[in-house]
Amino acid sequence: MKARRLGAVAAAATLALTLAACGSGNSGSGSGGADGIKIGIKFDQPGLGLKKGTDYTGMDIDVAKYVAKELGTPEDKITWVQAPSAQREDLISTGQVKFIVATYSITDKRKEKVSFAGPYFVAGQDLLVRADDTSITGPDSLNGKKLCSVKGSTSAQKVKDKFAQTVQLQEFATYSECLPALATGGVDALTTDDAILAGFAAQPENKGKFKLVGKPFSTENYGIGLKKGDTALCQKITDAIKKMQSDGSLDKAIANNLGPANYKPGPGNPPTPAACS
């Protein structure tokens, strides 16, 4: 009898461990859960993903928090990880982050390495100019002007190749370094995604100094990057994006973070997220 009782106890313990392992596996396959989650973001994009001390602000931060909550992870269980553009695919494929929300344009080349949920937002390349400048009305009016070119970016070169062959490209290390030059006349315009430009213009220290030309000339579909082939997580994030669009939370995030620059989302917003595959 004693032996049978011990055997029953051992069997019950084995079953409990097996069930626990199964439960753990299901949680890890898609949702961060209450144990926490690591999310990749930009640390240096005002209005989108900005780190100041221990505070994180921006539209992408709001999107990431909303998605994490829908996955069962409270805000205080999120670990924010800096995700520079050139490192995003590596951060995902090596498991250093669960997903990335960082002005991450969906492209066929990137989809070879990672999967995307979304898009959740459509941006477009535009121009930022001084608030009192009426001479620049679009990329084709930049001939003879000085355009800020950032190392590693193709945005300014695209303007030169397609719209204004005699534009003068002035190279800087970062977009934030372009702003003082733009304010003082060292350059006449700055170009990148309109949402990024609006984020810079919306900062209190830049109030009244700059304006968006407001004529986007490209289409950038921002998606949430995740491990390639993780369709379960992709579907959960897609559902969260759709809910954020339908309940007005995304519109609120855009208005709160980019509204001070009088930014209005361009054509294609809000986008319909693609099916996960």
Side-chain angles (χ1 to χ4, degrees), residues 41-53 55-62 84-85 102-103 121-160 163-164 166-218 220 222 251-267 269:
I41 56 168
K42 290 293 180 69
F43 279 15
D44 59 352
Q45 286 185 342
L48 292 160
L50 182 67
K51 179 181 185 293
K52 278 191 175 182
D55 293 329
Y56 299 86
T57 59
M59 181 186 77
D60 280 347
I61 306 297
D62 291 343
S85 296
T103 58
F121 185 78
V122 178
Q125 188 175 344
D126 203 345
L127 300 168
L128 189 72
V129 299
R130 288 181 292 278
D132 60 354
D133 189 337
T134 58
S135 66
I136 298 175
T137 56
D140 52 358
S141 60
L142 286 170
N143 280 309
K145 302 286 189 178
K146 295 178 181 179
L147 179 65
C148 177
S149 176
V150 174
K151 294 176 182 178
S153 171
T154 60
S155 299
Q157 188 62 47
K158 185 188 296 184
V159 171
K160 187 176 179 69
F163 300 101
T166 62
V167 68
Q168 302 172 47
L169 302 185
Q170 304 290 313
E171 190 172 72
F172 290 78
T174 64
Y175 291 116
S176 58
E177 291 181 28
C178 292
L179 295 176
L182 180 58
T184 58
V187 296
D188 299 301
L190 164 61
T191 187
T192 186
D193 295 357
D194 55 0
I196 296 174
L197 296 175
F200 282 117
Q203 296 306 290
E205 63 269 24
N206 295 326
K207 186 176 181 180
K209 293 182 180 179
F210 309 113
K211 67 180 180 181
L212 281 164
V213 170
K215 293 184 178 179
F217 48 95
S218 76
E220 307 295 335
Y222 288 173
D251 288 338
K252 184 178 179 181
I254 294 169
N256 287 346
N257 293 289
L258 305 179
N262 295 318
Y263 176 77
K264 304 294 183 185
N269 284 292

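Index from 1, following the sequence.
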Nearest heavy-atom neighbours spanning [X] and [Y]:
{"X": "Ser141", "Y": "Ile136", "value": "OG-CA, 3.5 Å"}
{"X": "Ile254", "Y": "Pro265", "value": "CG2-CG, 4.0 Å"}
{"X": "Cys148", "Y": "Ala156", "value": "O-CB, 3.7 Å"}
{"X": "Leu212", "Y": "Ala198", "value": "CD1-CB, 3.8 Å"}
{"X": "Lys51", "Y": "Tyr56", "value": "CE-OH, 3.2 Å"}

Working to the nearest 0.5 angstrom, can you tell me the gap between [X] [atom1] and [Y] [atom2]?
{"X": "Thr103", "Y": "Ile196", "atom1": "OG1", "atom2": "CD1", "answer": "4.5 Å"}
{"X": "Asp133", "Y": "Phe210", "atom1": "CG", "atom2": "CZ", "answer": "12.0 Å"}
{"X": "Thr57", "Y": "Leu50", "atom1": "OG1", "atom2": "CG", "answer": "4.5 Å"}
{"X": "Leu127", "Y": "Leu190", "atom1": "CG", "atom2": "CG", "answer": "8.5 Å"}
{"X": "Ser155", "Y": "Asp193", "atom1": "OG", "atom2": "CG", "answer": "6.5 Å"}
{"X": "Met59", "Y": "Gln45", "atom1": "CE", "atom2": "CD", "answer": "9.5 Å"}

State which residues pass ring-ring contact (aromatic ring centres under 6.0 Å, His included) with Tyr175; sequence neighbours excluded, sorted by chain then number.
none

ring-ring contact (aromatic ring centres under 6.0 Å, His included) with Tyr222: which residues, sequence neighbours excluded?
Phe121

Report yes if some heavy atom in the side chain of [X] is under 4.5 Å from a heavy atom in the side chain of [Y]; otherwise report no.
{"X": "Asp44", "Y": "Thr174", "value": "no"}
{"X": "Leu147", "Y": "Val187", "value": "no"}
{"X": "Ile41", "Y": "Asp60", "value": "no"}
{"X": "Ser85", "Y": "Lys42", "value": "yes"}
{"X": "Leu169", "Y": "Gln157", "value": "yes"}

Measure from the side-chain N and O atoms of [X] to the backbone N and O of [Y], and report whether any donor-acceptor pair falls under 3.5 Å.
{"X": "Asn269", "Y": "Gly266", "value": "yes"}
{"X": "Asn257", "Y": "Leu48", "value": "no"}
{"X": "Lys211", "Y": "Val213", "value": "no"}

Any side-chain donor-acceptor pair under 3.5 Å between Lys145 and Ser135?
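Short answer, yes.
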
Report yes or no: do Thr191 and Gln125 form a side-chain donor-acceptor pair below 3.5 Å?
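Looking only at side-chain atoms, Gln125 and Thr191 do form a donor-acceptor pair, the distance falling under 3.5 Å.
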
Passing option when Leu142 is tested against Val129, Val167, Thr137, Thr166 for side chain to side chain contact (heavy atoms under 4.5 Å, CB included)
Val167

Using residues 201-209 as the side-chain source, report each donor-acceptor pair under 3.5 Å to any protein atom, sequence neighbours left out, with the distance given to one decimal.
| residue | atom | partner | partner atom | Å |
| --- | --- | --- | --- | --- |
| Gln203 | NE2 | Gly199 | O | 3.2 |
| Asn206 | ND2 | Phe200 | O | 2.8 |
| Lys209 | NZ | Glu205 | O | 3.3 |

Check this for me, if you would: do Arg130 and Asp188 make a salt bridge, where the nitrogen-to-carboxylate-oxygen distance has to be below 4.0 angstrom?
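Salt bridge flag = yes for Asp188 with Arg130.
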
